Protein chains: 2
Amino acid sequence: MARLPEYLRALTSLAEAGISVCSSEELAAAVNVNSAKLRKDLSYLGSYGTRGVGYDVDYLRYQIAREIGLTQDWPVAIVGIGNLGHALANYSGFGSRGFRVAALLDAAPERCEESVAGIPVRSFDDLDAVLAETPIAIGVIATPAGAAQGVADRLVAAGITSILNFAPTTLAVPAGVSVRKVDLSVELQILAYHEQRRAGAEELRGAAIAAAGEEQSA
Amino acid sequence: MARLPEYLRALTSLAEAGISVCSSEELAAAVNVNSAKLRKDLSYLGSYGTRGVGYDVDYLRYQIAREIGLTQDWPVAIVGIGNLGHALANYSGFGSRGFRVAALLDAAPERCEESVAGIPVRSFDDLDAVLAETPIAIGVIATPAGAAQGVADRLVAAGITSILNFAPTTLAVPAGVSVRKVDLSVELQILAYHEQRRAGAEELRGAAIAAAGEEQSA
DNA sequence: CGCGTTTTGTTCTCACGTTCACAAACTCCT
DNA sequence: AGGAGTTTGTGAACGTGAGAACAAAACGCG
């Protein structure tokens with residue numbers, strides 16, 4: 001389930017606050033979900049709570065981390081070291097959960113600095129050589145939209161089965177390869193849509209009030 | 001619907017390729033969705049296709065853009081000009097669709113350069129003053145997790161009703177405020193989960209084959 | 001002008017996810 | 001030890017969204 005990471009983060013917050021036991025109600029409130037849904041999600045990975053008491057924060061944290069696979073190391077390669085690639089390479093939250101930036105690749109490595117965040121930038125053409133040196137589990141595409149599909153194809157051909165795509169394109173990949181997409185522009189458009197609907201509703205309300213006023217005056 | 005932006009992008013691609021008419025089947029293939037679902041989505045905003053022919057690319061593009069609200073200007077403020085804030089301010093895809101970075105805010109503006117991408121960085125304490133100078137429709141939070149809720153509260157208090165949150169926290173906001181979340185770490189964890197399941201399935205297959213072999217030999 | 005072909009718009013069915021509600025189980029207090 | 005109060009885990013209803021199938025409509029051709 002896609003909610004497990006959220007639960008995990010909330011549990012980590014609780015643990016840092018010194019709380020060692022919490023109820024499904026409390027945890028659900030922290031993640032803004034229904035408590036029944038949360039309990040069902042947790043029950044899916046086993047009965048790790050005690051009735052009448054709640055969940056042991058640290059124990060549940062470990063169980064969720066194990067379910068997600070965070071007990072192992074996930075080496076990540078970032079392709080495309082532009083503005084976004086830089087920011088991603090420097091992103092501290094990366095390493096905190098078993099994810100490790102193991103390689104930086106760019107079509108034109110001479111264009112950017114030789115190393116970013118202490119990691120050398122290699123040429124994307126050397127992909128196979130890099131993979132031979134260090135295993136890579138997840139490829140992050142931070143290239144312009146035009147290059148994304150080509151990069152994805154080559155990553156898949158090199159044996160990578162998990163891709164996180166920041167380029168504003170829908171990638172076509174064979175079955176058995178997971179792709180997650182992060183798209184700034186889509187999120188903004190969704191916000192704009194709701195914002196516009198709110199504005200439209202307000203106008204309608206205003207018009208209705210005006211019409212009511214006219215009716216009264218008529 | 002959250003798929004409209006995807007359709008819009010695919011249509012733009014088609015238009016750039018010089019295609020002026022397309023069927024629901026073609027468009028659906030470009031976005032990796034079922035054609036019936038696509039037709040249903042489009043019919044929700046009116047009957048803009050012609051049976052036996054398909055959809056006029058430019059016309060449909062305009063209709064979707066109008067539905068989303070992209071025919072107007074959406075001024076955006078970015079709060080938190082760290083690594084990510086920099087990258088966002090410089091992100092070119094921002095302006096392409098009616099979104100315009102109208103203000104950059106940071107708790108400590110003296111820490112970063114005076115201006116990023118040609119836009120001056122103001123102090124977040126001057127939020128009200130900035131809003132008085134220039135209208136802001138959408139607030140983008142690119143601060144560390146700890147500061148995010150406080151920033152959100154102040155944005156909401158200042159009258160902003162749409163927030164795009166890049167900080168790894170779930171924000172609590174009053175009803176009537178839209179929040180979209182972009183969370184790198186969650187996406188990676190979802191990928192890791194699937195990757196682990198794939199690895200686990202492979203092991204199980206291997207074990208089953210081994211067991212079958214043992215059975216045969218027994 | 002009418003028929004066949006193509007493609008939309010829509011209806012119906014189904015499956016999934018969410019929510020409610022309750023029984024089982026555990027703790028605390030007397 | 002027993003009962004009251006909590007809280008989990010889960011079975012059943014509910015609503016929503018997805019997919020298949022079909023009717024209506026537009027175009028082209030004879």
Side-chain angles (χ1 to χ4, degrees), chain A residues 1-8 10-11 14-15 19-64 67-68 170 175 179-181 186 190 193-194 197, chain B residues 1-8 10-11 14-15 19-64 66-67 170 175 178 180-181 186 190 193-194 197:
Chain A
M1 292 281 180
R3 283 184 297 269
L4 288 181
E6 316 274 352
Y7 301 158
L8 186 55
L11 285 168
L14 290 175
I19 298 167
S20 64
V21 169
C22 79
S23 72
S24 66
E25 210 76 42
E26 296 170 78
L27 187 52
V31 200
N32 273 333
V33 301
N34 189 298
S35 68
K37 177 154 61 169
L38 178 111
R39 286 200 300 275
K40 199 163 263 191
D41 286 346
L42 294 185
S43 76
Y44 169 72
L45 39 113
S47 288
Y48 294 131
T50 40
R51 305 182 179 200
V53 179
Y55 297 92
D56 183 283
V57 172
D58 280 328
Y59 184 51
L60 187 55
R61 267 215 301 166
Y62 172 74
Q63 291 298 341
I64 294 181
E67 176 75 11
I68 297 179
T170 55
V179 174
R180 302 284 306 180
K181 194 179 39 166
V186 166
I190 294 171
Y193 174 76
H194 291 308
R197 282 177 72 94
Chain B
M1 290 280 180
R3 283 185 296 269
L4 288 181
E6 314 275 352
Y7 300 158
L8 187 55
L11 285 168
L14 290 176
I19 298 166
S20 64
V21 168
C22 79
S23 72
S24 67
E25 209 76 42
E26 296 171 79
L27 187 53
V31 199
N32 273 334
V33 301
N34 188 297
S35 67
K37 177 155 60 168
L38 179 119
R39 287 199 299 276
K40 196 173 265 183
D41 287 345
L42 295 185
S43 76
Y44 169 74
L45 40 112
S47 287
Y48 294 132
T50 41
R51 305 182 180 202
V53 178
Y55 298 92
D56 182 285
V57 173
D58 281 329
Y59 184 51
L60 187 56
R61 265 211 307 164
Y62 171 74
Q63 292 298 342
I64 294 181
R66 199 174 54 85
E67 176 74 12
T170 55
S178 304
R180 301 284 306 180
K181 194 176 41 163
V186 166
I190 294 172
Y193 174 75
H194 291 309
R197 282 178 72 95

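Because the structure is predicted, anything quoted here is derived from the model rather than measured. Proteins come first, then strands; the chains are lettered A, B, ... in the order of their sequence lines, and each starts at number 1.
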- request: Under the side chain to side chain contact (heavy atoms under 4.5 Å, CB included) rule, what do Tyr55(A) and Ser24(A) come out as? Steps first, then yes or no, please.
  value: CA-CA 7 Å; Tyr55(A) 297 92; Ser24(A) 66; 3.9 Å; yes

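Atoms CG and CZ, from Leu42(A) and Arg3(A) in turn, are 10.0 Å apart once rounded to the nearest 0.5 Å. Between Ser35(B) atom OG and Glu25(B) atom CD the span is 4.0 Å, to the nearest 0.5 Å. For the atom pair CD1 (Ile190(B)) and CD1 (Ile68(A)), the distance works out to 8.5 Å, reported to the nearest 0.5 Å. Once rounded to the nearest 0.5 Å, the distance linking CZ of Arg61(A) with CG of Leu14(A) reads 9.5 Å. Here the SG-CG distance, from Cys22(B) to Leu60(B), works out to 7.0 Å after rounding to the nearest 0.5 Å.
Rounded to an integer number of Å, the gap from CG of Asp41(B) to C1' of dT8(C) is 14 Å. Atom P of nucleotide dT18(C) and atom CG of Leu42(A) are separated by 13 Å, given to the nearest angstrom. dT10(C) atom C1' lies 10 Å from atom CZ of Arg39(B), rounded to whole Å. Distance NZ (Lys37(B)) to C1' (dT11(C)): 18 Å, rounded to an integer number of Å.
Only Gly49(A), Thr50(A), Arg51(A), Gly52(A), Val53(A), Gly54(A), Tyr55(A), listed by number, bring a heavy atom of residues 49-62 of chain A to less than 4.0 angstrom from any atom of DNA chain D. Contacts of residues 20-28 of chain A with DNA chain D (heavy atom under 4.0 Å): Ser23(A), Ser24(A).
Minimum interatomic distance between Tyr44(A) and Glu67(A) (heavy atoms only, all atoms of both residues): CE2-OE2, 4.3 Å. Between Ser43(B) and Lys40(B), the closest heavy-atom pair is OG-O, 2.9 Å.
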Scan nucleotides 12-14 of chain C against the protein and return all N/O pairs shorter than 3.5 Å with their distances rounded to 0.1 Å.
none

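For the side chain to side chain donor-acceptor pair (under 3.5 Å) test, residues two or more places apart in sequence or in another chain that qualify with Gln63(A) are Tyr48(A), Tyr59(A), Arg66(A). Every residue meeting the side chain to side chain contact (heavy atoms under 4.5 Å, CB included) condition with Val53(B), not counting sequence neighbours, appears here in chain and number order: Val21(B), Thr50(B).
Interface limits on DNA chain D: the 5'-most and 3'-most nucleotides within less than 4.0 Å of chain B heavy atoms are dA18(D) to dC27(D).
Checked by atom type and distance alone, the side chain of Thr170(A) pairs as donor or acceptor with a backbone atom of Ala30(B) at under 3.5 Å.
Contact annotation for Tyr48(B): backbone-only contact, meaning every heavy-atom pair under 4.0 Å involves sugar-phosphate atoms and none involves a base.
At least one side-chain heavy atom of Leu4(A) sits under 4.5 Å from a side-chain heavy atom of Leu45(A). Side-chain contact check for Met1(A) versus Tyr7(A): every heavy-atom pair is 4.5 Å or farther apart.
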